[in-house]
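None of these values were measured; they are calculated from a predicted model.
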Amino acid sequence: MAGTRRVANDPRRKQRILDAALTVIEERGVHATTHRRIAEAAGVPLGSLTYHFGGLEDILEQAFQHLSDTMSRHYRTVLADAPDTAAACAAVTDLICGGEYASPRALTLIYEMNAYAGHHPAVAEIAATWLARSHASLALHFADPACRAMDALIEGWPMHQAMERAPLDREIVLATITAIAARFPLHDGAHTPR
């Protein structure tokens, strides 16, 4: 009908905007992420951003929350599926060495999130919650000191690999993770309830 305003019925539009925001952050960095670039990457009108979000800071917060949630779910699934400590050590090794969790894209987004968190308390809280979720997933199989050491390696080792531009030696990573698990065993050998 002439003169009536058409309302787009796209239930996935908000998610497309968040995915596009992460793409722009990956490609250009948080400092160069703008409403216009996000709208272009999402293939939506610029007004869609102001309809779904309270501003650029809100988009960034929700995009980093989405990143955290997605990666935390993957992390939890991988560790929950491990039937015993040896399989859990192999799963942690895969998180460090595999391309799915510590992909170049994920690492870039993690760098950007951590830098942004330094000046934005809401994103700092998202990062802190992500850390606690990672620790809880590791605690399915490992004692607290082992969880802390392994989580630092899960984040740090792929960063070193990216800077060195050399593949990780899976055998060394697995030996290190296995040694940490052996050094700090769970007291009763039982797993934390899932």
Side-chain angles (χ1 to χ4, degrees), residues 14-15 18-19 21-22 25-26 29-30 53-54 57-162 168 173-174 176-194:
K14 183 175 181 180
Q15 188 57 54
L18 293 175
D19 292 338
L22 290 173
I25 292 166
E26 176 199 3
V30 170
F53 302 95
E57 192 168 298
D58 185 32
I59 295 170
L60 295 173
E61 286 175 19
Q62 289 193 46
F64 285 132
Q65 183 67 62
H66 174 61
L67 173 70
S68 168
D69 291 344
T70 301
M71 292 188 74
S72 290
R73 277 193 301 274
H74 175 71
Y75 198 116
R76 179 72 174 205
T77 299
V78 166
L79 286 159
D81 287 348
D84 56 31
T85 302
C89 289
V92 171
T93 301
D94 289 342
L95 289 171
I96 293 170
C97 296
E100 189 174 343
Y101 183 77
S103 67
R105 179 179 195 268
L107 290 175
T108 298
L109 290 171
I110 291 168
Y111 298 149
E112 291 290 330
M113 179 178 172
N114 287 334
Y116 190 69
H119 302 282
H120 294 84
V123 177
E125 185 59 34
I126 292 168
T129 300
W130 185 356
L131 183 65
R133 290 167 76 180
S134 299
H135 189 95
S137 295
L138 287 163
L140 295 172
H141 297 282
F142 306 109
D144 184 68
C147 293
R148 292 183 185 286
M150 288 180 195
D151 201 32
L153 290 175
I154 290 167
E155 291 209 15
W157 222 327
M159 288 183 190
H160 283 241
Q161 175 201 12
L168 290 173
V173 175
L174 179 59
T176 303
I177 297 302
T178 302
I180 291 168
R183 174 64 180 89
F184 301 105
L186 285 172
H187 295 297
D188 61 359
H191 299 309
T192 303
R194 295 180 191 177

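Put simply, the side chain of Leu186 does not reach to within 4.5 Å of the side chain of Thr85, judged on heavy atoms.
Here Leu67 contributes atom CG and Ile110 contributes atom CD1; the two are 6.5 Å apart, rounded to the nearest 0.5 Å. Here the SG-CG distance, from Cys89 to Asp94, works out to 11.5 Å after rounding to the nearest 0.5 Å.
In plain terms, the two heavy atoms of Tyr101 and Ala106 that are nearest each other are O-CB, 3.4 Å. Between Ile126 and Gln65, the closest heavy-atom pair is CG1-OE1, 3.2 Å. Listed here is the closest heavy atom pair of Ala21 and Ile59: CB-CG2, 3.7 Å. Taking each heavy atom of Leu153 and Pro158 in turn, the nearest pair found is O-CD, 3.5 Å. The two atoms that bring Leu22 and Ala63 nearest to each other are CD2-O, 3.7 Å, heavy atoms only. Shown here for Phe53 and Asp58, the closest heavy-atom pair between the two residues is CA-OD2, 3.4 Å.
Between the side chain of Glu112 and the main chain of Val30, a donor-acceptor pair closer than 3.5 Å is present. His141 places a side-chain N or O within donor-acceptor distance of the main-chain N or O of Leu79, the cut-off being under 3.5 Å. Panel note: side chain Ser68, backbone Phe64; no donor-acceptor pair is recorded below 3.5 Å.
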>> Go through it in stages, so that I can follow the logic: the residues are Arg148 and Phe142, the test is side chain to side chain contact (heavy atoms under 4.5 Å, CB included), and I'd like the CA-CA distance, side-chain angles, deciding distance and then a yes or no.
In response: CA-CA 10 Å; Arg148 292 183 185 286; Phe142 306 109; over 6 Å; no
> After noting the C-alpha distance and the side-chain angles of Val123 and Leu60, does the key distance pass the side chain to side chain contact (heavy atoms under 4.5 Å, CB included) rule?
Replying inline: CA-CA 9 Å; Val123 177; Leu60 295 173; 5.8 Å; no
>> For a side chain to side chain contact (heavy atoms under 4.5 Å, CB included) check, start with the C-alpha distance between Tyr116 and Ile25, then their side-chain angles and the critical distance, and finish with the verdict.
In response: CA-CA 11 Å; Tyr116 190 69; Ile25 292 166; over 6 Å; no
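Counting heavy-atom neighbours within 6.0 Å of Arg105 CZ, excluding the residue itself, gives a total above 12.
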